[in-house]
Amino acid sequence: MPGNLTAQVFSEWGFPVKNIFHIAGPCSAESEEQLMRTALALKDYEVHVMRAGAWKPRTRPGSFEGVGAVGLKWLKDAGKAANLAVATEVATPKHVEACLEHGIDILWIGARTTSNPFAVQDIADALQGTDIPVLVKNPINPDIELWQGAVERLTQAGVKKLGIIHRGFSTYEKTVFRNQPIWRIPIEMKRRNPRLPMLCDPSHICGNTGLLFSVAQNAMDLLFDGLMLEVHIDPPAALSDAKQQLTPKEYSRLLERLKIKKVSSESRDFLENIGALRREIDKIDHQILDLLALRMDNAREIAMHKKKNNISILQPARFDEIIKSRTREGMEKKLAEDFVSRLYQFIHEESIRLQEQVIND
Ligand code: PEP
Ligand code: MN
């Protein structure tokens, strides 16, 4: 559930959002009939804005490339018939101009475009003096500064109604996702820009419908403010992204199953319980830091002895033994192997750094 701040932002955009801001609709505008049927089917469900892409240059040329500006007219007409606002993707100043002409209500900048500051700057220039909300998808690669940079270019051009969308990142290795979510990146974006509504696009993260619910639920658990989901009246017949689109009915079922989380509660019971546990955690963290400081003091002393005896800082066998024995002990204590292994690699790295300092002194 969006915090009060985000609820206020959505209402400034003209959307009285009670819980989650919902954008749904097909990947691409394909025909007048397809958009009209989708809009009329979505109308009965929880949705604030209908989406459809008009320009769809694919990774390689030759397949369906989108219907172009005529799709904007079909989209707007469908939206009007169903009393829904409409959104589409823009990648060039011409797209922006066409959208403004057709009365499109919200724009989004696609992942490929966010990756390119030249294109973002051109779009920002074209948006000067307008009042339309713009959502910025994360760039293709997990580079937070590119994402932040796009937000800043738009802000500097005077775009006031801004939001961000996490749609996952491209990875070289195959994963179960089409685009892997890296949650800490949108979370850091939200920390830096608390007034920006943060949406998740599970459709482009998953690339299929099987994982959609769990990714959408993840986003809810992480307090995302909205969802963008691809919904098609007849997914198998879709001209793009057929595998990841839901029917309107499946969309409504997914929303029904979602558990919307809130950031806090007034319940005394909850506040007392969580307060006591947090005080306990604070105490434990104190102890952890005391012990870490002690451990590092020890490492410095070891470094003195190594220096005196001309012994190498890195002791591969000892390091191997530490990782193995600590992960073993950790697992006995129900700590994940990977967590303990990474923790000790990190501690060891710091210990090496400190020992180098002592030896070079
Ligand atoms: C889309 O939303 O249809 C799209 C092309 O998304 P992305 O920019 O996330 O690939
Ligand atoms: Mn798509």
Side-chain angles (χ1 to χ4, degrees), residues 21-30 34-35 38 47 49-61 63-68 71-72 75 86-92 95-96 99 104-117 119-120 123 133-143 146-147 150-151 154 163-171 175 177-182 185-186 189 198-209 211-212 215-216 219 224 226-247 250-251:
F21 184 57
H22 288 292
I23 302 180
C27 178
S28 301
E30 297 169 5
Q34 169 236 11
L35 291 177
T38 311
V47 52
V49 180
M50 174 160 149
R51 63 153 281 157
W55 300 278
K56 306 295 297 185
R58 313 302 290 171
T59 303
R60 296 182 60 189
S63 51
F64 176 66
E65 298 261 313
V67 294
L72 303 180
L75 177 61
V86 294
T88 200
E89 175 180 344
V90 291
T92 69
H95 295 167
V96 173
C99 287
I104 302 300
D105 303 286
I106 294 188
L107 306 179
W108 82 82
I109 295 181
R112 286 163 195 80
T113 310
T114 307
S115 305
N116 179 353
V120 174
I123 294 170
V134 182
L135 302 170
V136 186
K137 288 201 174 193
N138 65 253
I140 295 278
N141 51 323
D143 180 342
L146 263 180
W147 203 359
V151 165
L154 292 161
I164 54 174
I165 305 178
H166 184 35
R167 52 74 82 194
F169 297 98
S170 176
T171 51
T175 72
F177 299 107
R178 177 178 177 194
N179 294 291
Q180 191 178 28
I182 305 182
I185 295 183
M189 281 295 282
M198 177 166 72
L199 280 68
C200 178
D201 169 351
S203 305
H204 290 90
I205 287 177
C206 295
N208 61 57
T209 56
L211 295 167
L212 280 182
V215 169
F224 275 64
L227 291 172
M228 175 187 263
L229 281 159
E230 285 191 340
V231 177
H232 194 282
I233 197 74
D234 181 12
L239 298 180
S240 60
D241 289 351
K243 280 201 286 225
Q244 70 194 32
Q245 305 205 53
L246 296 166
T247 64
E250 288 167 341
Y251 168 72

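Ligands are counted one by one from 1 in listed order, and the atoms in each one are counted from 1 as well. These numbers come from the heavy atoms of this one structure, side chains and all, not from hydrogens, waters or symmetry mates.
- The protein non-hydrogen atom at the shortest distance from atom 6 (O) of ligand 1 is Lys137 NZ, 2.9 Å.
- Atoms of ligand 1 lying under 4.0 Å from any heavy atom of Arg112, numbered from 1 in the order shown and given with element: 10 (O).
- Of the possible donor and acceptor atoms, one in the side chain of Thr175 sits under 3.5 Å from a partner among the backbone N and O of Phe177.
- Ligand 1 has no N or O atom lying under 3.5 Å from any N or O atom of Asp201, backbone or side chain.
- Going from atom CD of Gln245 over to atom OG of Ser240 covers 6.0 Å, rounded to the nearest 0.5 Å.
- Close approach of ligand 1 to Gly110 is summarised as follows: ligand atoms under 4.0 Å from at least one heavy atom of the residue are 8 (O).
- Near Glu230, meaning under 4.0 Å from one of its heavy atoms, ligand 1 places the atoms 3 (O).
- Applying salt bridge (Lys or Arg N to Asp or Glu O under 4.0 Å) to Asp241 and the options Lys56, Arg51, Arg58 leaves one that passes, Arg58.
- Here's the thing with Lys56: one of its N/O atoms is less than 3.5 angstrom from an N/O atom of ligand 1.
- At least one side-chain heavy atom of Ile185 sits less than 4.5 Å from a side-chain heavy atom of Phe169.
- Between the side chain of Thr88 and the backbone N or O of Ala52, at least one donor-acceptor pair lies under 3.5 Å.
- At under 3.5 Å, a nitrogen or oxygen of Ala111, whether backbone or side chain, sits near a nitrogen or oxygen of ligand 1.
- Formation of a donor-acceptor pair under 3.5 Å by the Ser115 side chain with backbone atoms of Ile140 is found in this model.
- Side-chain contact of His204 with Glu230: a donor-acceptor pair under 3.5 Å is present, judged by distance alone.
- Annotation: atom 4 (C) of ligand 1 to nearest protein heavy atom, His204 NE2, 3.5 Å.
- Note on Glu230: its N/O/S atom closest to the Mn ion (ligand 2) is OE2.
- Minimum-distance N/O/S atom of Asp241 relative to the Mn ion (ligand 2): OD2.
- Between the side chain of Gln244 and the backbone N or O of Cys27, no donor-acceptor pair lies under 3.5 Å.
- Note: an N/O pair closer than 3.5 Å links Arg167 and ligand 1 by distance alone.
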